[in-house]
Amino acid sequence: MEKKEIVKILNEIGLLLELKGENPFKSRAYYNAARIIELLDEDIETIVKEDRLKDIKGIGEALNKKITELVLTGKLKYYEDLKASIPEGLIDMLKIPGLGPKRIRTIYEQLNITSVRELEYACLENRLLDLPGFGKKMQNNILKGIQFIKQFSSHFLYSEAYSQAVDYKEYLDAANVAKKTEIAGSLRRKKEIVKDIDILSASNSPNTVIDTFIKYPKVKEIVEKGDTKSSVILEDGIGVDLRVIKEYQFPYALHHFTGSKEHNTAMRHRAKKMGIKMNEYGIFKGEELIKCLNEEEIFFNLGLSFIPPELRENMGEIEAAEKGTIPNLVDNSDLKGILHVHTRYSDGTNSLKELVEATRNLGYSYLGVSDHSKSAYYANGLNEEQLFEQWKEIDNLNQIYNDFRIFKGIESDILPDGSLDFEDEILEKFDFVIASVHSNFNLNKQEMTERIIKALTNKYTTILGHPTGRLLLARNGYDIDMEKIIEIASSHGKIIEINSNPYRLDLDWRYIKYAKEKNVIFAICPDAHNIEGLSHITYGIGIAKKGWLEAKDVINTLDIESISKFLKDLKQ
DNA sequence: GCCGTTTTCGGCCCGACTGTTTTCAGTCG
């Protein structure tokens, strides 16, 4: 059984136990185990077969037995029984804001309601009013919550949320009501998908800040308004939380509200072991505050070097900070050039010359052009004749600039049988070849993996484009064995793309870290279809950071001479 | 259900807000 599936089942058991009203620490043990399995670099089946599961901290006798049963038989009786004992609809109810396991249990036990739709009717009939702990307001909120989840999906792309957050922050800054305001939460950690926007302000008069906060013109609904905290929903459905603290508390609160929850939990455990209490208001030795002017000093007081927000996912960053091995993360300024753009020759909207000028004006020293190949008829892919025409134009432009170089590339479709889209005599003339899947997504896992591996091991392939093929919030990636593909990329010296398009952000950062450990090299590419698209590269940088990448791991941090040589050597 | 320099039981991270109460439970982050 697949790791992903095991993780899902363990999490679901945790949830079901909560709904059953079991010991909360018991369900936490399952959540914890799910996370441990999720972060395993090694193949779970191997671990189980070698009976090493029980050696992992957090997996005891009972979980060892259950996970082993799952991995070996693909089933778990305990889970089946548990699931059968609880109506499915109760899990859906958890999506309603303000409803947690306890209240759902009450609703189920007292009113025998088993689905969101039934719950909605019950609210309209005022049947919740008589339940213990419920009242008119609660019933209204549940109704509103049901409307809300009907109307909006609960997640947003990083790029969308980030631009909303920046606008909100600018509004607050302009109002000049707080001494400091920062965007925190998953946005600060640059997660590819976020649930809401977290904003943190420092002020001695929090009410003024909150009053200003809720008057933001784009606010559609005020969900909560307290003395230090407020939540609103914006017109486009995204929720925004504001916390106001005192100025001296700002670094502690910034760390706290940046998260992740898992990182914070691990940090508090560490602090506790050192006799330090840690919360959003400070770190304390007994009652006494340990003064910190910034996050660096907080980490320092816990015996750690600074951990960049992008790494705070409890994926080994605390251990690395303890050892002083936090990587010097790649940054926008490290990039010397751009690869993977589309021009008007295929489905781009700017001319080659316009893109070259734009790239040059942004301070880069080279541009790798990669229009679609001939099979991509939907994207106006280039045939040989059009290709020769483009090469001629590139040659001419390369004569004009002495400080800038255009590389001839292609984004070649990976055909269903794994072959590339041109004959070898054409392929060998490119400076670089990006191989990407754009069709026949529904092959089974083995077929798809073999297809991609065949393309990847093609002599002329330089870069594997958007490796999982996912479209965030819209389409899951193809069914492939990514570990295997990463291993092949590593052993064949092939580059893996970090596609910076905000809908893709592909390769996923969780795999990037894994691939880096296998010595894979990356290219951070905008996949731009117009001049504005060049700026997407900054999202790719965020994801590269989350994958622990340094400049040396990224091919387009090389200067013109080095990358020319690198690309030439790859073809040998 | 897990864990152990307090080791086989008794803890397990912490605080704000809301809505319900009349001192607190539940939810959320």
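Order of the sequence lines sets the chain letters (A, B, ...), proteins ahead of strands, with each chain counted from 1. This one's a predicted model, so the numbers in the text were calculated from it and none came from an experiment.
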- request: Remember a base hit wins even if backbone is also touched, and classify A:Glu22 as base, sugar-phosphate or nothing at under 4.0 Å, heavy atoms.
  value: nothing
- request: Give one of base, sugar-phosphate or nothing for A:Asn23, where a contact means two heavy atoms less than 4.0 Å apart.
  value: base
query: Could a donor-acceptor pair under 3.5 angstrom be found where the side chain of A:Asn141 meets the base of B:dG19?
result: no
Closest nucleotide among [options] to the [X] side chain:
X: A:Glu224; options: B:dT20, B:dG1, B:dC17; answer: B:dC17
X: A:Thr228; options: B:dA16, B:dG19, B:dG1; answer: B:dA16
X: A:Arg268; options: B:dC13, B:dA16, B:dG1; answer: B:dC13
X: A:Asn279; options: B:dG1, B:dT20, B:dG15; answer: B:dG15
X: A:Lys57; options: B:dG19, B:dC3, B:dC2; answer: B:dC3
X: A:Met138; options: B:dC12, B:dC2, B:dT20; answer: B:dT20
X: A:Ala62; options: B:dG15, B:dT18, B:dC2; answer: B:dC2

Distance-only donor-acceptor check, side chains [X] and [Y], under 3.5 Å:
X: A:Tyr78; Y: A:Lys65; value: no
X: A:Glu483; Y: A:Tyr514; value: no
X: A:Tyr31; Y: A:Glu18; value: yes

message: For a quick test of reading the model: is some side-chain N or O of A:Lys277 closer than 4.0 Å to OP1 or OP2 of B:dG15?
response: yes
Interatomic distance, [X] [atom1] vs [N] [atom2] [rounded to whole Å]:
X: A:Gln139; N: B:dG19; atom1: CD; atom2: C1'; result: 13 Å
X: A:Lys272; N: B:dC3; atom1: NZ; atom2: C1'; result: 13 Å
X: A:His263; N: B:dC14; atom1: NE2; atom2: C1'; result: 15 Å

For [X], look at atom [atom1] and say whether over 12 heavy atoms of other residues, nucleotides or ligands are found less than 6.0 Å away.
X: A:Tyr171; atom1: OH; value: yes
X: A:Glu88; atom1: CD; value: no
X: A:Arg117; atom1: CZ; value: no

- prompt: What residues, two or more places apart in sequence or in another chain, satisfy side-chain contact (heavy atoms from CB on, under 4.5 Å) together with A:Ile193?
  reply: A:His155, A:Leu472, A:Leu473
If I pick the [atom1] atom on [M] and the same atom on [N], what distance separates them, to the nearest angstrom?
N: B:dC17; M: B:dG10; atom1: C1'; answer: 31 Å
N: B:dT21; M: B:dA16; atom1: P; answer: 24 Å
N: B:dC12; M: B:dT22; atom1: P; answer: 30 Å

field: Identity of whatever pairs with B:dT8 - Watson-Crick or G-U, under 3.5 angstrom
entry: none
query: Can you give one letter per nucleotide of nucleotides 22-29 of chain B, 5' to 3': B if a protein heavy atom sits under 4.0 Å from the base, S if only from the sugar-phosphate, - if neither?
result: ----SSSS
